[in-house]
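Because the structure is predicted, anything quoted here is derived from the model rather than measured.
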Amino acid sequence: MAKDPQTPLDDELSRQQEESDAQVEPESVEGELEEAVERAEQTQEEGKVQEEEGETPDNPEAEVLAAKVEELEQSLAEAKDQSLRAAAEAQNVRRRAEQEAEKARKFALEKFIKELLPVVDSLEKALDAMGEDATEAHREGVSMTLKMQLDVLGKFGVEVVDPAGEPFDPQYHEAVTMVPNAELEPNSVMEVIQKGYLLNGRLVRPAMVVVSQAAE
């Protein structure tokens, strides 16, 4: 049976696990430390007994064991620090992978949405261009088709940018020209030539606008 393909997240987590396995395990260091402490305590007890019996304790092993205990305590602290760092790094990798997956999901349709926008533009222009000779059924049919198209886009997180009368915002609007206008505040959107669109808050297409400027 074929194995499931590895994802970048699986590869990164495997790498983190291998690095973690290669590090000193805190449990093994703790075991050595416990043994060393027991031996040190035993040696200290033997030294006390010798003192009580009037003998001069002469056991260099006690100094060796004390140094060993200190060394193992330091190794244990380092092993625990390495373990915590490895766990934190694995968590960061998982979080980044989840964020990338969410980002890809939210904006996977961006190219498809861009291809649909000219269809929406054509329907809007067709509706605006209808003269008096257009039948009510014809006008209503185009209007309903346009509404259905916008409703479908809205279900997938698409928002319309129609900033007529609003202040000009270069992040979402693209000025085609500037026209002196005494009735509007400078840098206001006088006319929307082509509507803009957002996908889940990200700009897909800026609104093409005419911007007012102070009258001379």
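Taking CG of N181 as the reference point, atom OG of S212 lies at 6.0 Å (rounded to 0.5 Å). Considering CZ of F112 and CG of L117, their distance stands at 10.5 Å, rounded to 0.5 Å. A distance of 7.5 Å separates CE in M130 from OG1 in T135, rounded to the nearest 0.5 Å. If you take CD on E100 and CZ on R95, they are separated by 13.5 Å, rounding to the nearest 0.5 Å.
What you find for L203 and R205 is that their closest heavy atoms are CD1-O, 3.4 Å. F107 approaches N200 most closely through the heavy-atom pair CE2-CB, 3.9 Å. Contact detail for Y197 and V120: the closest heavy-atom pair is OH-CG1, 3.4 Å.
K125 has no carboxylate O lying under 4.0 Å from a charged side-chain N of D121, or vice versa, which leaves the two without a salt bridge.
Using a 4.5 Å heavy-atom threshold, the side chains of E174 and Q194 count as separate. Taking 4.5 Å as the limit, every side-chain heavy atom of P167 sits out of range of all side-chain heavy atoms of S188. Using a 4.5 Å heavy-atom cutoff, the side chains of M208 and K195 are not in contact. By the 4.5 Å heavy-atom criterion applied to side chains, P163 and H173 are counted as neighbours.
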Before you tell me yes or no, could you show the steps for V204 and K114 under side-chain contact (heavy atoms from CB on, under 4.5 Å), namely the whole-Å CA-CA distance, both residues' side-chain angles and the distance that decides it to 0.1 Å? CA-CA 7 Å; V204 174; K114 287 182 177 180; 3.3 Å; yes
Would L153 and L116 satisfy side-chain contact (heavy atoms from CB on, under 4.5 Å), going step by step from the backbone distance to the final call? CA-CA 9 Å; L153 292 176; L116 285 180; 4.0 Å; yes
Begin with the C-alpha distance, continue with both residues' side-chain angles, and end with the deciding distance and a verdict on side-chain contact (heavy atoms from CB on, under 4.5 Å) for L127 and L123. CA-CA 6 Å; L127 191 61; L123 290 171; over 6 Å; no
How far apart are the C-alpha atoms of V179 and Q213, what are their side-chain angles, what is the distance that settles it, and do they pass the side-chain contact (heavy atoms from CB on, under 4.5 Å) test? CA-CA 6 Å; V179 177; Q213 65 180 14; 6.0 Å; no
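There is a side-chain donor-acceptor pair under 3.5 Å between R94 and Q91.
F168 belongs to a hydrophobic cluster whose other members, connected by ILVMFWY side-chain contacts under 4.5 Å either directly or through intermediates, are M178, V189, V192, V209, V211.
Hydrophobic clustering of Ile, Leu, Val, Met, Phe, Trp and Tyr side chains at less than 4.5 Å, counting indirect connections, unites V160 with L109. At a threshold of 4.5 Å between side-chain heavy atoms, the hydrophobic network of Ile, Leu, Val, Met, Phe, Trp and Tyr places I193 and Y172 in two separate groups.
No more than 12 heavy atoms of other residues, nucleotides or ligands sit less than 6.0 Å from atom CD of E185.
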List the atom pairs, donor and acceptor, that lie under 3.5 Å between side-chain atoms in residues 136-150 and the rest of the protein, sequence neighbours left out.
unit_1: R139; atom_1: NH2; unit_2: G131; atom_2: O; d: 3.2
unit_1: T145; atom_1: OG1; unit_2: G141; atom_2: O; d: 2.8
unit_1: K147; atom_1: NZ; unit_2: D151; atom_2: OD2; d: 2.9

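Residues forming a side chain to side chain donor-acceptor pair (under 3.5 Å) with R202 (at least two apart in sequence, or on another chain): E110.
With hydrogens and angles ignored, the 3.5 Å screen pairs no side-chain donor or acceptor of S83 with any backbone N or O of A79.
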